Amino acid sequence: MNINQLFAVIQARRSAPPEESYTARLTAAGEDEILKKVGEEAVEVILAAKGQGQTRLVEELADLTYHTLVLLAARGLTPQDVEAELARRHAG
């Protein structure tokens, strides 16, 4: 699954949330809860990088990526907005 596919799943679960959807529950909890999860996952990435091995680091980076995409969706932004900013930074 790539970033755009995951983002599409996140958007679908936000607009027509299945009963057992973590994404729907997280979104319904509000931005403060989403931000809390982004912060927790960022700390877990650091801890994994400092001695928990490559597999654990990849797992935590996947979690951070997911929660970051949930934040983007909650704010009405997309991965393409981030891509555009990266392109702007490297245009010159």
Side-chain angles (χ1 to χ4, degrees):
M1 175 174 287
N2 67 39
I3 297 291
N4 291 322
Q5 291 169 326
L6 178 56
F7 191 73
V9 169
I10 289 167
Q11 288 183 310
R13 291 192 179 158
R14 288 180 71 239
S15 47
E19 284 185 13
E20 298 299 319
S21 170
Y22 172 73
T23 302
R25 287 194 310 274
L26 182 58
T27 300
E31 188 172 286
D32 284 349
E33 188 64 24
I34 296 167
L35 293 171
K36 177 180 161 190
K37 290 303 296 180
V38 169
E40 288 173 5
E41 296 303 337
V43 169
E44 289 176 9
V45 165
I46 293 166
L47 294 173
K50 293 301 286 181
Q52 295 178 2
Q54 300 293 70
T55 299
R56 189 71 182 142
L57 177 58
V58 169
E59 292 168 351
E60 294 302 340
L61 285 167
D63 289 346
L64 179 58
T65 300
Y66 162 79
H67 286 92
T68 300
L69 291 173
V70 171
L71 177 59
L72 283 174
R75 284 291 189 97
L77 298 169
T78 68
Q80 290 71 36
D81 294 314
V82 176
E83 289 173 359
E85 175 59 18
L86 292 171
R88 185 193 67 76
R89 291 180 185 188
H90 296 283

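Keep in mind that what you see is a predicted model, and the values were worked out from it rather than measured.
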Inset, instruction - State the CD-NZ distance between E41 and K36, to the nearest 0.5 angstrom. - result: 11.5 Å

Inset, instruction - Determine whether Y66 and I46 fall in the same hydrophobic cluster, where Ile, Leu, Val, Met, Phe, Trp and Tyr are linked whenever their side-chain heavy atoms lie under 4.5 Å apart. - result: no

Legend entry - CZ/R75: more than 12 non-hydrogen atoms of other groups inside 6.0 Å: no

Inset, instruction - Give a yes or no answer on whether the side chain of R14 reaches the backbone of T27 with a donor-acceptor pair at less than 3.5 Å. - result: no

Legend entry - Members besides V43 in its Ile/Leu/Val/Met/Phe/Trp/Tyr cluster (side-chain heavy atoms under 4.5 Å): L47

Inset, instruction - Of all the heavy-atom pairs spanning L69 and P79, show the shortest one and how long it is. - result: CD2-CG, 3.7 Å

Legend entry - V45 to L57 - nearest heavy-atom pair and separation: O-CD1, 3.7 Å

Legend entry - Atom CG of D32: over 12 foreign heavy atoms under 6.0 Å: no

Inset, instruction - Would you name the heavy atoms of L72 and F7 that are closest together and state the gap between them? - result: CB-CE1, 4.2 Å

Inset, instruction - Enter the distance from L35:CG to E40:CD here, rounded to the nearest 0.5 Å. - result: 11.0 Å

Inset, instruction - Is it possible for you to say whether M1 and V58 belong to one hydrophobic cluster, with membership spreading through side-chain heavy-atom contacts below 4.5 Å? - result: no

Legend entry - More than 12 heavy atoms from other groups under 6.0 Å of CD on E85: yes

Inset, instruction - Check whether any side-chain heavy atom of D81 sits under 4.5 Å from a side-chain heavy atom of T78, and report yes or no. - result: yes

Legend entry - Note: K37-E33 ion pair, threshold 4.0 Å (strictly below): no

Inset, instruction - Please check if V82 and I3 belong to a single hydrophobic cluster, counting links between Ile, Leu, Val, Met, Phe, Trp and Tyr side chain heavy atoms closer than 4.5 Å. - result: yes

Inset, instruction - Please list, chain by chain and in numerical order, all residues satisfying salt bridge (Lys or Arg N to Asp or Glu O under 4.0 Å) with E44, sequence neighbours excluded. - result: none

Legend entry - Value rounded to 0.5 Å, distance of OG1 in T55 from CD in E60: 12.0 Å

Legend entry - Atom pair OG1/CG of T68 and L61 - distance to nearest 0.5 Å: 10.0 Å

Inset, instruction - Please confirm whether the backbone N or O of A8 pairs with a side-chain atom of Q11, one donor and one acceptor, at under 3.5 Å? - result: no

